[in-house]
There are 2 protein chains.
Amino acid sequence: MDRDKQTTSSTKQKILDAALDLIASFGYKGASVRKIAKAVGIRESAIYNHFKNKEEIFASIMQNLFVSPLDEFFTKKPPQIYAKRGKIYLLEFAMNIKILSFDSRHEKLFRIILVELMQNEKIRQIFLQKFFDEYIKHLSNAFFVMMQEGLIRSGDPLLMAQEFFAPLFYFRLHTLLLRMDDKSTTSLSTIFEKHVEFFWEGVAISS
Amino acid sequence: MDRDKQTTSSTKQKILDAALDLIASFGYKGASVRKIAKAVGIRESAIYNHFKNKEEIFASIMQNLFVSPLDEFFTKKPPQIYAKRGKIYLLEFAMNIKILSFDSRHEKLFRIILVELMQNEKIRQIFLQKFFDEYIKHLSNAFFVMMQEGLIRSGDPLLMAQEFFAPLFYFRLHTLLLRMDDKSTTSLSTIFEKHVEFFWEGVAISS
DNA sequence: GTCTATACACTGATAGAC
DNA sequence: GTCTATCAGTGTATAGAC
């Protein structure tokens with residue numbers, strides 16, 4: 001039995017889990033070492049056997065913060081190849097965001113990002129890079145392909161990418177805010193699909 | 001000379017101004033009474049001659065937080081009357097948001113809202129009400145009118161309102177994030193107008 | 001109205017016993 | 001690895017002199 005080892009690593013993991021919850025609720029400042037220790041069931045000082053200081057805990061959480069299934073989506077289904085599918089491709093992307101919006105773990109991560117967005121420059125940089133640059137560029141490539149394939153009307157693919165992405169972002173935020181106070185999200189249950197429909201109607205070349 | 005009176009009220013105003021700046025930078029928690037007092041040039045204890053406690057300062061700022069020119073827009077130009085103008089009406093609305101995005105005072109207010117969004121339920125409620133309900137309903141009315149006038153294709157006006165508003169929200173957030181770290185916003189200088197163009201192309205009935 | 005002085009809770013962090 | 005004990009620093013807030 002490697003009970004000792006297990007206990008050790010599980011304590012470290014417990015600390016990370018507790019910190020994740022507390023930061024999502026109270027922000028980095030609000031998640032005190034005391035609170036984290038209490039949530040885990042150990043003393044404050046014992047925390048420092050696993051992490052050098054509070055910041056190391058935060059840094060450890062940060063690493064997983066932006067590892068998103070959306071990156072995976074663009075890796076598995078590069079626009080250059082799959083964008084020819086047109087509306088189906090857009091729908092797949094939208095469904096990915098929809099799933100993220102209703103997944104409780106990613107909800108927590110998105111919450112932390114938003115809590116720290118205005119106070120932490122590093123998070124802000126990554127946020128900008130992901131949501132206003134990376135995804136937009138991938139989508140822009142997709143729209144470029146669709147134009148070449150004659151599926152959609154021609155125009156600025158970058159603008160189109162932003163126009164397509166922005167409502168998805170907006171709906172995800174809406175979902176998060178409603179869920180935070182345990183409000184109903186039924187009005188948003190099909191909005192992601194409807195968005196794709198609406199968008200496609202606006203850009204598709206009817207043939 | 002009512003120098004005393006003036007000094008008094010100006011100190012109170014100074015406290016509010018300093019608090020506004022500090023909260024925008026560090027959040028409610030980060031804006032300590034010590035920092036506020038130091039910024040104003042008085043002792044911490046002197047603060048309590050003007051406000052009962054820290055929360056009263058925050059509450060006082062909150063009142064002005066959501067008084068937005070956008071409310072004024074819908075009051076002065078109710079959709080029922082002005083939406084007949086079609087694209088021009090949408091452009092006017094978009095220009096209002098553009099102006100807000102680049103106005104430094106409203107930038108601060110928007111920052112505070114975002115800083116507190118995840119931690120303060122009251123702010124969250126008002127945020128939801130304004131950006132996901134009130135404006136959407138006004139715009140929804142506008143699109144309903146435009147449909148009746150035969151200016152745009154028929155569809156769900158509520159969905160259309162969200163589709164129109166979401167990118168404006170997204171661009172405003174983008175502007176804020178770039179400006180926070182003194183990055184260039186030239187790429188966003190005409191995006192609000194372009195959005196209206198793009199959107200109108202997608203819904204207008206070409207005649 | 002502003003000051004000094006002070007109270008008291010909570011923060012992150014460390015030393016040393018077990 | 002976890003504990004007790006303890007530290008300095010910062011937080012909000014109050015009492016009383018001027």
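Order of the sequence lines sets the chain letters (A, B, ...), proteins ahead of strands, with each chain counted from 1.
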A.B. asks: Hey, does the side chain of A:D71 reach the backbone of A:S68 with a donor-acceptor pair shorter than 3.5 angstrom?
C.D. replies: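 At least one qualifying donor-acceptor pair exists.
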A.B. asks: Roughly how many Å is it from CD in A:E44 to C1' in C:dA9, rounded to a whole number?
C.D. replies: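 Between C1' of C:dA9 and CD of A:E44: 14 Å.
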A.B. asks: Answer yes when B:K122 and B:E116 have at least one side-chain N-carboxylate O distance shorter than 4.0 Å, and no when they do not.
C.D. replies: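 So B:K122 does not pair with B:E116 through a salt bridge.
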A.B. asks: Mind calculating the distance between CD1 (B:I42) and P (C:dC3) to the nearest angstrom?
C.D. replies: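 Spelled out: CD1 on B:I42 to P on C:dC3 is 6 Å.
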A.B. asks: Could one point to a donor on the side chain of B:S32 or the base of D:dT12 with an acceptor on the other under 3.5 Å away?
C.D. replies: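 A donor-acceptor contact between them is absent.
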A.B. asks: Any chance the side chains of A:E72 and A:N96 put a donor and an acceptor closer than 3.5 Å?
C.D. replies: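 Distance-only check fails for A:E72 and A:N96.
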A.B. asks: Closest nucleotide of DNA chain C for A:K54 versus for B:A46: which of these residues is on the 5' side?
C.D. replies: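 Its nearest nucleotide lies further toward 5', so the answer is B:A46.
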A.B. asks: Rounded to whole angstrom units, what separation is found between the NZ atom of B:K52 and the P atom of D:dA13?
C.D. replies: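 Those two atoms, NZ and P, are 9 Å apart.
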A.B. asks: Can you check the A:E55 CD to C:dA13 C1' distance for me, whole Å?
C.D. replies: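 The answer, rounded to whole Å, is 14 Å.
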A.B. asks: If you measure from the Lys or Arg side-chain nitrogens to the Asp or Glu carboxylate oxygens, is any gap between A:E92 and A:R85 under 4.0 Å?
C.D. replies: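 Salt bridge present between A:E92 and A:R85.
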A.B. asks: Please report, rounded to the nearest Å, how far the P atom of C:dC3 is from the OH atom of B:Y48.
C.D. replies: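 Going from B:Y48 (OH) to C:dC3 (P), I get 14 Å.
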A.B. asks: With distance as the sole criterion, do the side chain of B:R34 and the base of D:dT10 form a donor-acceptor contact below 3.5 Å?
C.D. replies: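 For B:R34, whose side chain was compared with the base of D:dT10, there is no donor-acceptor pair (under 3.5 Å).
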A.B. asks: Could you check how far NZ of A:K38 sits from P of D:dC3, rounded to whole Å?
C.D. replies: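 After rounding, the gap between these two atoms is 14 Å.
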